[in-house]
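Computation of the quantities below employed the complete heavy-atom set of this structure, encompassing side-chain atoms and omitting hydrogens, waters and symmetry-equivalent molecules. Numbered from 1 within each chain, the chains take letters A, B, ... in sequence-line order. This is a predicted model, so every value here is computed, not measured.
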2 protein chains.
Amino acid sequence: MGKAWSVEAVAGRLGITTRTLHYYEEVGLIPPVQRTPGGHRMYDEATIARLEQILRLRDVLGYTLQEIRQVMDVEDVLQGYRAQLEAGVEPEVRMDILEHSIQLLETVVAHIDEKVERLEAMRQRYRERLARIEEKLAKHRKEVDEGE
Amino acid sequence: MGKAWSVEAVAGRLGITTRTLHYYEEVGLIPPVQRTPGGHRMYDEATIARLEQILRLRDVLGYTLQEIRQVMDVEDVLQGYRAQLEAGVEPEVRMDILEHSIQLLETVVAHIDEKVERLEAMRQRYRERLARIEEKLAKHRKEVDEGE
DNA sequence: TGAAAACCAAACGTCAACGTAAGGGTTTGT
DNA sequence: ACAAACCCTTACGTTGACGTTTGGTTTTCA
């Protein structure tokens with residue numbers, strides 16, 4: 001039996017507000033959360049892991065909730081595949097599933113790659129400016145050295 | 001005499017709307033644009049270059065306009081330094097300016113580095129999942145090969 | 001030179017992603 | 001067993017980053 005977390009506990013752990021947790025459930029980013037008989041939400045570790053992934057996509061990639069939903073849809077498909085595999089299925093179907101899963105993950109990685117490339121291009125621009133100024137400073141130091 | 005661009009021309013060139021150009025001026029992301037006697041805006045290349053940088057920050061780094069303003073403030077300081085250097089100034093002040101410029105640019109680069117690192121960590125997570133699935137697929141292929 | 005096309009400022013509209021407040025149940029510690 | 005702390009739903013509010021509309025002015029070019 002996995003431990004169950006209250007909204008506030010999860011919010012504290014993830015550094016977000018309870019409103020955000022409610023909202024993400026409301027818009028379907030996470031499936032309906034388990035409840036106590038009285039109606040209070042109980043979050044399990046799987047849901048928390050999903051939330052962590054959502055927050056990474058939000059904060060690291062800067063994705064909108066729509067884009068995040070697309071990624072999570074992929075996750076759900078993968079999860080479905082895993083379930084099918086567990087349930088046992090004919091070998092060819094099995095391979096199809098694995099290959100499709102690979103494809104899905106590769107597109108995600110490709111997106112990240114693209115983002116990294118653009119970032120590195122930007123960094124390069126700044127580095128070049130930096131190099132020019134450093135060069136200027138070095139030349140200047142030499143002049144001062146010799147001049148005095 | 002530099003060529004002057006109309007709002008629509010700039011918008012077309014940059015792939016944004018005229019509203020966005022007006023808005024960026026309104027909130028001070030770009031300085032007040034030159035006008036014709038009749039009051040129509042005329043953008044010069046320097047302003048367009050600044051706009052391009054703003055858009056890169058927005059689209060590549062996913063910065064909010066507030067964050068962008070911070071970066072542009074740095075740019076303005078650097079610009080001020082350049083102006084001072086052109087105007088001629090004592091050698092020690094000159095070196096101070098150059099060193100400060102370097103510092104500013106380095107913090108920007110550091111920010112980008114941090115972003116890249118986080119992205120690469122995410123990529124790594126996905127790659128590992130990918131590797132696990134590929135391994136499973138390979139094993140499965142072998143089984144099918146031998147089994148038949 | 002005159003009409004179509006472009007431009008202006010001002011102001012209200014919109015959408016995402018939550019924030020906040022109200023009114024009332026539920027859990028928990030003592 | 002009871003108050004404090006926590007949680008619920010509902011619903012309206014807010015902020016950023018523009019979109020859209022209006023009513024009038026300026027440019028352009030045939």
Side-chain angles (χ1 to χ4, degrees), chain A residues 1-44 47-48 50-73, chain B residues 1-44 47-48 50-73:
Chain A
M1 259 244 199
K3 197 177 165 190
W5 296 64
S6 73
V7 254
E8 268 208 348
V10 174
R13 176 170 160 189
L14 299 184
I16 59 182
T17 67
T18 60
R19 176 59 170 117
T20 300
L21 287 170
H22 291 163
Y23 183 65
Y24 285 178
E25 186 178 351
E26 189 185 327
V27 299
L29 275 181
I30 53 175
V33 176
Q34 298 270 81
R35 303 296 185 110
T36 67
H40 288 194
R41 266 165 267 248
M42 301 183 316
Y43 293 82
D44 57 12
T47 304
I48 294 176
R50 190 182 173 101
L51 282 164
E52 284 172 339
Q53 191 184 358
I54 289 171
L55 294 176
R56 267 197 304 276
L57 291 168
R58 187 189 72 168
D59 299 332
V60 179
L61 289 189
Y63 277 10
T64 67
L65 297 196
Q66 277 188 17
E67 292 168 317
I68 293 176
R69 187 163 12 228
Q70 289 178 28
V71 176
M72 299 317 285
D73 284 350
Chain B
M1 258 243 201
K3 197 177 165 189
W5 296 65
S6 71
V7 255
E8 269 209 344
V10 174
R13 177 171 158 187
L14 300 183
I16 59 182
T17 68
T18 61
R19 175 60 171 119
T20 300
L21 287 170
H22 291 163
Y23 182 65
Y24 285 177
E25 187 178 350
E26 189 185 326
V27 299
L29 274 182
I30 53 175
V33 176
Q34 299 268 79
R35 303 294 185 111
T36 67
H40 286 197
R41 268 166 264 248
M42 300 183 317
Y43 294 82
D44 57 14
T47 304
I48 293 176
R50 189 184 174 100
L51 283 164
E52 283 172 340
Q53 191 184 356
I54 290 172
L55 294 176
R56 268 197 304 275
L57 291 168
R58 186 188 73 171
D59 300 332
V60 179
L61 290 189
Y63 277 10
T64 67
L65 296 197
Q66 278 188 16
E67 293 169 315
I68 292 176
R69 192 171 359 237
Q70 289 178 26
V71 176
M72 298 317 283
D73 284 350

Side-chain contact, heavy-atom cut-off 4.5 Å: [X] with [Y]?
X: M72(A); Y: L57(A); answer: yes
X: I68(A); Y: T64(A); answer: no
X: R35(B); Y: H40(B); answer: no

Query raised in the report: Is the backbone N or O of E8(A) less than 3.5 Å from a side-chain atom of R13(A), with the two atoms forming a donor-acceptor pair by type?
Result: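 Not confirmed, R13(A) side chain does not pair with E8(A) backbone.
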
Requested in this report: State whether the side chain of E25(B) and the backbone N or O of H22(B) hold a donor-acceptor pair below 3.5 Å, judged by distance alone.
Outcome: no

Quickly work out the [X] [atom1] to [N] [atom2] distance and round it to whole Å.
X: R41(B); N: dA9(C); atom1: CZ; atom2: C1'; result: 9 Å
X: E67(B); N: dT15(D); atom1: CD; atom2: P; result: 18 Å
X: H22(B); N: dC18(D); atom1: NE2; atom2: C1'; result: 13 Å
X: Q70(A); N: dA16(C); atom1: CD; atom2: P; result: 14 Å
X: R35(B); N: dC8(C); atom1: CZ; atom2: P; result: 6 Å
X: L21(A); N: dA17(C); atom1: CG; atom2: C1'; result: 14 Å
X: Q66(A); N: dA17(C); atom1: CD; atom2: P; result: 7 Å
X: L29(A); N: dA16(C); atom1: CG; atom2: C1'; result: 12 Å

Query raised in the report: Mind checking what makes side chain to side chain contact (heavy atoms under 4.5 Å, CB included) contact with M42(B), not counting sequence neighbours?
Result: A4(B), Q34(B), T36(B)

Report task. Examine dC18(C): is either OP1 or OP2 under 4.0 Å from a nitrogen or oxygen in the side chain of Y24(A)? Give yes or no. Result -> yes

Requested in this report: Indicate whether OP1 or OP2 belonging to dC7(D) is found under 4.0 Å from a side-chain N or O atom of S6(A).
Outcome: yes

Report task. State, to 0.1 Å, how close K3(B) and W5(B) come at their nearest heavy-atom pair, and which atoms those are. Result ->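 Looks like O-CD1, 4.0 Å.
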
Requested in this report: Check I16(B) against R58(B) and note the closest heavy-atom contact, atom names and distance.
Outcome: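 Closest heavy-atom pair between I16(B) and R58(B): CG2-NH2, 4.1 Å.
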
Query raised in the report: In Å, rounded to the nearest 0.5 Å, how long is the span from CZ of R50(B) to OG1 of T47(B)?
Result: 8.0 Å

Query raised in the report: Where along residues 50-65 of chain A does a heavy atom fall under 4.0 Å from DNA chain D?
Result: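 Residues of residues 50-65 of chain A that come under 4.0 Å of DNA chain D do not exist, since none gets that close.
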
Report task. Using heavy atoms to find the nearest nucleotide of DNA chain C for R69(A) and M42(B) separately, return the residue whose nucleotide is more 5′. Result -> M42(B)

Query raised in the report: How does each nucleotide of nucleotides 19-30 of chain D score, in 5' to 3' order, for protein heavy atoms under 4.0 Å: base (B), sugar-phosphate only (S), or none (-)?
Result: BB-----SS---

